[in-house]
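Report on the structure given below.
Order of the sequence lines sets the chain letters (A, B, ...), proteins ahead of strands, with each chain counted from 1. No hydrogens, no waters, no symmetry mates; every other heavy atom, side chains included, goes into these values.
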Number of protein chains: 2
Amino acid sequence: MEKFTDVFRALSDKTRLRILHLFTFSKKELCICEIMDSLKLAQYNISKHIRELKLTGLVKERKEGRFVFYSIVEPKNAFHRNILQTLKAIPKNNEDIERLTKRVALRKNGKIVVGCLTSMGQCR
Amino acid sequence: MEKFTDVFRALSDKTRLRILHLFTFSKKELCICEIMDSLKLAQYNISKHIRELKLTGLVKERKEGRFVFYSIVEPKNAFHRNILQTLKAIPKNNEDIERLTKRVALRKNGKIVVGCLTSMGQCR
DNA sequence: GTATAATATGCTTAAAAGGGCATATAAGCA
DNA sequence: TGCTTATATGCCCTTTTAAGCATATTATAC
């Protein structure tokens with residue numbers, strides 16, 4: 001039961017929902033700098049929230065060089081599937097999506113070539 | 001968005017999930033004393049948690065004399081429907097269900113005739 | 001190796017949440 | 001009216017949580 005409440009707790013935060021929305025919209029792996037530029041939040045903030053999402057098993061990571069790519073974990077049971085379905089029913093923040101679209105467009109052949117643009121936090 | 005995070009927050013508590021499970025299992029209106037006897041928790045505790053569930057729109061109440069009957073609100077949108085679907089995918093606490101079954105069996109023609117049995121809190 | 005960029009994390013503080021307990025409110029009944 | 005029972009709520013205390021800030025870690029490039 002604890003595990004289930006933990007998932008709900010992870011979803012009970014506005015920033016974490018915004019992060020998850022970026023994933024479900026883009027259907028891509030995203031790195032921290034892309035997320036922080038999309039949400040206009042500090043780097044440490046994104047990192048911490050992503051950590052929560054990772055701990056509850058909603059998000060996974062893949063390291064590639066200096067970057068870490070995060071993405072949604074494919075559901076492995078009914079509960080998990082229902083959670084993702086539920087997320088789809090939540091209206092997304094349009095500004096976030098717009099910024100994400102622009103940000104991802106800066107990739108060259110899928111590779112990140114532009115670092116953090118936002119000067120929030122200390123990532124530049 | 002706030003509204004959505006509030007629903008998730010409401011579900012991020014073990015006791016509240018146990019309460020909701022009683023409703024989804026019994027498909028009935030339940031009163032506080034039946035819930036406290038089923039979960040073996042103090043009355044003030046149940047009252048407070050039910051209040052949260054009411055505030056987030058997951059549970060509604062109907063007053064009947066000295067008793068207040070609570071029940072699940074019928075979903076009115078996709079998000080709400082998905083939430084209830086998600087709850088179904090969570091394993092229930094068997095002891096709770098067993099106690100609830102016994103407790104509800106004490107009703108006479110659907111009327112509550114036995115008050116709080118649990119001596120927790122101050123309901124008796 | 002050194003500098004730099006991406007990400008993680010420890011510390012502090014403020015706000016929220018949950019349990020325990022006492023008490024308030026409200027309705028039925030003697 | 002006064003008592004009892006069902007439910008609600010205010011207060012205290014402890015724990016958790018999230019943000020801010022500084023700093024640590026890791027990998028790349030020079």
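- Going from atom CG of B:Asp13 over to atom P of D:dT15 covers 17 Å, rounded to whole Å.
- Per the geometry, CD belonging to A:Glu61 stands 13 Å off C1' belonging to C:dA6, to the nearest Å.
- Note: OH (A:Tyr70) to P (C:dA6) measures 14 Å, nearest angstrom.
- Close to D:dA18, at under 4.0 Å from its OP1 or OP2, lies a side-chain N or O of A:Arg16.
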Protein-nucleic acid N or O pairs under 3.5 Å, nucleotides 10-12 of chain D:
residue	atom	partner	partner atom	Å
D:dG10	O6	B:Lys48	NZ	2.9

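- Rounding to whole angstrom units, NZ of residue A:Lys111 and C1' of C:dA6 are separated by 15 Å.
- With hydrogens and angles left out, the side chain of A:Gln43 and the base of C:dA6 share no donor-acceptor pair within 3.5 Å.
- Taking atom CD1 of residue A:Ile50 and atom P of nucleotide D:dA18, one finds them 14 Å apart after rounding to whole Å.
- Following rounding to the nearest Å, A:Lys54 (NZ) and C:dT9 (P) show an atom-to-atom distance of 7 Å.
- Heavy-atom distances to DNA chain D give each of A:Ser12 and B:Glu34 a nearest nucleotide, and the one nearer the 5′ end belongs to B:Glu34.
- The phosphate of D:dT7 has neither OP1 nor OP2 within less than 4.0 Å of any side-chain N or O from B:Arg66.
- Contact check on A:Glu95 versus A:Lys40 returns no salt bridge, with no Lys/Arg side-chain nitrogen under 4.0 Å from an Asp/Glu carboxylate oxygen.
- A:Lys63 places its NZ atom 10 Å from the P atom of C:dT7, with the value rounded to the nearest Å.
- Comparing atom distances between the A:Phe67 side chain and each of C:dG18, D:dA27, C:dT7 picks out C:dT7 as nearest.
- Other residues, nucleotides and ligands place more than 12 heavy atoms under 6.0 Å from the NZ atom of A:Lys60.
- Here B:His49 does not reach the OP1 or OP2 of C:dA17: none of its side-chain N or O atoms lies under 4.0 Å away.
- Remark: the B:Thr86 side chain and the A:Thr86 side chain contain an N/O donor-acceptor pair separated by less than 3.5 Å.
- Atom NZ of A:Lys108 sits in a sparse spot, with 12 or fewer heavy atoms from other residues, nucleotides or ligands closer than 6.0 Å.
- Look at A:Thr15 and you'll find a side-chain N or O under 4.0 angstrom from OP1 or OP2 of D:dA19.
- In this structure, A:Lys111 places its NZ atom where only 12 or fewer heavy-atom neighbours from other residues, nucleotides or ligands lie under 6.0 Å away.
- A centroid separation of 6.0 Å or more is found between the aromatic rings of A:Phe23 and A:Phe69.
- If you take CG of B:Asp6 and C1' of C:dA16, they are 12 Å apart, rounded to a whole angstrom.
- Side-chain proximity of A:Ile32 to C:dG18, D:dA8, C:dT7: nearest is C:dT7.
- Summarising the local packing, CZ of A:Arg51 is surrounded by 12 or fewer heavy atoms from other residues, nucleotides or ligands at distances under 6.0 Å.
- Distances shown here put every side-chain N or O of A:Asn45 at or beyond 4.0 Å from the OP1 or OP2 atom of D:dA18.
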